[in-house]
Amino acid sequence: MMSLTNKILIAMAAGIAIGSLANSFDLTGGIIESAFFFGLFDIVGKIFVASLKLLVVPMVFVSLTCGTASLGGHGRMGFMASKTIGLYLLTTALAISIALTLAVIIQPGSGNQFETDATYQASTAPPLKDVLINIVPSNPVAAMAEGNMLQVIVFAILFGVAISRSGEFGAKIAKSFESLNEVIMEMVMILMQLAPYGVFCLLAKIFYTTGFDLVQQLFVYFMTVVLALLIHGSVIYTTLLKVLTGLNPLRFFKHIRPVMIFGFSTASSNATMPITLETVEEKLGVKNSVASFTVPLGATINMDGTAIMQGVATVFIAQAYQIDIGLIGYLTVILTATLASIGTAGVPGVGLVTLALVLQQVGLPVEGIALIIGVDRLLDMMRTALNVTGDSIVSCIIAKSENALDIEVFNRK
Ligand code: ASP
């Protein structure tokens, strides 16, 4: 029997091939387009993404409550949290630095061949003060209903710490949460069986509607982002994993293939989260006490791929408008793009919205976003694949440092 991962891989290749092939024929308005690409494929794809999303809130809440309860309320959580956030910030800052360096060398926006009278309406970002205050939920039920991940994380940690301090009463609740956690993991397994169909439908529709025409026009920009994503994924991640854990990077990447494919197909770190958590625990051997914290946090604040796109896009726009932002400008980009990627929600396309923040900070025209919007969907898929890889790698590194990585599981085929 073919393994599920192979089935998903084949589905991915078939979806891309059929979508791109159909795109090259003129099917507009025809029966094939309405019955399949905008009909069946669209329906199945959307149902698939919805079924992943439905798991996110219950999974984060239950899993993180279990994780925190098992750690006990003895300050371990605080230390682990600082390490995790530090590593997430470090990888993101490295990501933008690579992006800026490549963009400055390759110069994707030079040559002044771009129409710079484009228009783009940026939405205003909330002030940092409100962002901080809003981390603590005033109503946990509302937080769950709205899927506000940071608030759910805060509530789950508090709840878990309280369980661990409540003696025999807490122990009873902890036991039932552990059972609940098993049940939710089983739900993930059930949905994974549908993954090949979901992935095929999502990709067939996306590649049918997107096509590669715009990629040709923005080829150099597109390739600079792709190159930076590849370098970050292969050089930085591999080195960090090898140096900080001694684990075999090839095995790591083999294990997380489904996570990357889900990130690519859904373009959403959030929707991918159930798969990331399941894979990090079951395939990489990270204990629940670590994974349940690092993965949801990463899906919410760690976006290395997004930061890369924002770095290259900033340089591209500066060059297209022939504005020199100078060294201070570049340093500002590193800082603001790190913050912007933290503020980017793990859903499709948001990275482009928070790019406005970075551009404003260095005095570049926000309308510049209109120049790159055409190829953003494809890049969104690729950068999300990197975003979720980053979440998994940091999880692994933190687990190793906390003695919470089961090496036998990691080394399993
Ligand atoms: N789609 C990305 C994610 O979910 C965010 C972005 O860059 O737009 O990770």
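Predicted model only: the values in this text are computed from it and were never measured. Just follow the structure's listing: the first ligand is 1, and inside any ligand the first atom is 1.
- Every atom of ligand 1 is numbered from 1 in the order shown, and the set under 4.0 Å from a heavy atom of V350 is 8 (O).
- When hydrogens are left out, the protein atom nearest atom 2 (C) of ligand 1 is T384 OG1, 3.3 Å; that is the closest non-hydrogen contact.
- Contacts between M309 and ligand 1 below 4.0 angstrom, taking non-hydrogen atoms only, are absent altogether.
- For the residue pair D391 and T276, no side-chain donor N or O sits within less than 3.5 Å of a side-chain acceptor on the partner.
- Of all protein heavy atoms, the one closest to atom 3 (C) of ligand 1 is S269 OG, 3.3 Å.
- Below 4.0 Å from some heavy atom of A267 lie the following atoms of ligand 1, by number and element: 1 (N), 4 (O).
- Geometrically, ligand 1 and M303 share no nitrogen or oxygen pair separated by less than 3.5 Å.
- A search for side-chain hydrogen bond (donor to acceptor under 3.5 Å, both in side chains) contacts involving N288 returns S63, E281, not counting sequence neighbours.
- Of all atoms in ligand 1, listed by their number and element, those nearer than 4.0 Å to a heavy atom of S268 are 4 (O).
- Looking only at protein heavy atoms, the nearest one to atom 6 (C) of ligand 1 is G351 N, 3.3 Å.
- Atom CZ of F219 has 12 or fewer heavy atoms from other residues, nucleotides or ligands within 6.0 Å.
- Looking at V347 against ligand 1, only its backbone comes within 4.0 Å, counting heavy atoms.
- T272 and T266 are linked by a side-chain donor-acceptor pair at a separation below 3.5 angstrom, with hydrogens and angles left out of the test.
- Salt-bridge annotation for E402 and K83: present, with a side-chain N of the basic residue lying under 4.0 Å from a carboxylate O of the acidic one.
- Protein heavy atom at the shortest distance from atom 1 (N) of ligand 1 is D380 OD1, 2.7 Å.
- T384 and S269 are not linked by any side-chain donor-acceptor pair at a separation below 3.5 angstrom, with hydrogens and angles left out of the test.
- Take Y237 and apply the ring pair (Phe, Tyr, Trp, His ring centres under 6.0 Å) test, not counting sequence neighbours, and it matches H232.
- Under a 4.0 Å criterion applied to the non-hydrogen atoms of T306, ligand 1 contributes the atoms 5 (C), 6 (C), 7 (O).
- Looking only at atom types and distance, the side chain of Q310 has a donor-acceptor partner in the side chain of T354 under 3.5 Å away.
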